[in-house]
Amino acid sequence: MASSPVAPATPDRVQALTSALSSVTARIAAAVAARQPALPPPRLVAVSKLKPASDVLALYAAAGQRHFGENYVQELVDKAVRLPSDIQWHFIGSLQSNKCAMLASIPNLFAVETVDAVKKARKLNDARSDEWDKLNVFIQVNTSGEQSKSGVAPGIEAVEVARYIVGQCPRLNLLGLMTIGSIARSRAAADGDQNRDFAALVETKRLVEAEVGVDGLELSMGMSDDFEDAIKQGSTNVRVGSNIFGARPPKKQLTAS
Ligand SMILES: *Cc1c(COP(=O)(O)O)cnc(C)c1O
């Protein structure tokens with residue numbers, strides 16, 4: 001099916017989006033300045049799930065934003081064909097084996113952040129074209145242990161998936177580890193404590209690097225409610241949605257736009 005052009009956002013919407021993005025980038029800069037040891041600023045992934053393509057185009061054109069995150073494979077495929085090809089897409093939704101091939105065939109997919117099994121890594125690797133850049137992947141780690149969250153257990157499970165990607169997946173690049181912290185812990189950490197889920201991801205990174213013999217793995221952690229704490233604890237990739245785009249509609253109300 002031919003893709004339709006993306007209608008421009010209204011001037012008011014462009015203004016609202018760019019000012020929300022600037023306020024997030026200012027808060028990121030302040031958190032970066034406060035962190036020890038000094039580390040480069042994290043990448044900001046603007047999470048556009050359930051938001052219209054016109055919002056993505058507005059931030060692309062008016063604010064130079066390039067990294068966007070999506071949770072649903074079909075929505076990502078639809079947006080990717082209609083929007084500029086130098087957008088760097090991140091898949092951050094729960095990963096199903098039967099969707100891996102479709103994902104890996106998006107040329108400007110920058111990273112799949114939610115690899116949580118050897119089998120899914122294999123499927124992504126098998127489907128990725130030799131002629132393209134390696135596909136970056138993050139291993140999702142369930143640091144909070146909540147049943148509702150995907151991800152490998154911190155520790156040996158994370159090591160096993162990492163070893164498989166590094167040793168057996170020539171078309172994948174293991175970029176780092178990702179987690180979604182529990183809301184309760186991000187609230188507790190707001191009182192000045194360390195967020196235990198983020199600390200667990202940092203610890204898992206040390207373990208994986210030592211056991212697999214890699215270094216410089218990234219840490220994808222921090223969302224609208226907790227990105228400043230995540231940055232203070234070493235995040236290199238924050239995923240911020242509602243602080244930029246506003247509250248999301250329930251999924252069933254999503255309409256093609
Ligand atoms: C939706 C989502 C985000 C963004 O959440 P906000 O709270 O809106 O910033 C980040 N990461 C993942 C994995 C998500 O599913």
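Numbering of ligands and ligand atoms starts at 1, following listing order. Everything quoted here is computed from the prediction, not taken from an experiment.
Residue V240 has at least one heavy-atom neighbour below 4.0 Å for each of these atoms of ligand 1: 9 (O). When each atom of ligand 1 is checked for a heavy atom of N71 under 4.0 Å away, the hits are 14 (C), 15 (O).
The residue D225 has no part lying near ligand 1, judged by heavy-atom distances below 4.0 Å. Contact annotation: for I180 versus ligand 1, heavy atoms closer than 4.0 Å belong to the side chain alone. With a 4.0 Å cut-off on non-hydrogen atoms, E70 does not touch ligand 1 at all.
For atom 3 (C) of ligand 1, the nearest non-hydrogen atom of the protein is K49 NZ, 3.7 Å. In this structure, the protein non-hydrogen atom closest to atom 11 (N) of ligand 1 is R239 NE, 2.9 Å. Of the protein's non-hydrogen atoms, I92 CD1, 3.5 Å is the one closest to atom 12 (C) of ligand 1. Scanning the protein heavy atoms around atom 5 (O) of ligand 1, the nearest turns out to be M223 CE, 3.6 Å.
Shown are R248, E70, E75; of these, the side-chain hydrogen bond (donor to acceptor under 3.5 Å, both in side chains) with S48 is made only by E70.
There is a side-chain donor-acceptor pair under 3.5 Å between D78 and Q74. In the model, Q140 has no side-chain atom that pairs as donor or acceptor with a side-chain atom of T114 under 3.5 Å.
Note that R66 lies in the cation-pi zone of Y60, set by a 6.0 Å cut-off to the ring centre and a 45° limit from the axis.
For ligand 1, the polar-atom distance check against S224 finds a nitrogen or oxygen pair separated by under 3.5 Å. Where the criterion is an N or O separation shorter than 3.5 Å, residue side chain and backbone included, G241 meets it with respect to ligand 1.
Note on ligand 1: M178 sits in its first shell, one or more heavy atoms being nearer than 4.0 Å.
A salt bridge links K120 to D116: one of the charged nitrogens lies within less than 4.0 Å of a carboxylate oxygen. Using a 4.0 Å cut-off between charged nitrogen and carboxylate oxygen, E228 and K232 do not count as a salt-bridge pair. Salt bridge annotation for E209-R206: absent, with no cationic side-chain nitrogen under 4.0 angstrom from a carboxylate oxygen. Between R163 and E160, none of the side-chain N atoms (NZ, or NE/NH1/NH2) sits under 4.0 Å from a carboxylate O, so this pair counts as no salt bridge.
Counting only non-hydrogen atoms, the option in A46, A247, S242 that gets closest to atom 8 (O) of ligand 1 is S242.
Between H67 and F110, the distance separating the two ring centers is shorter than 6.0 angstrom.
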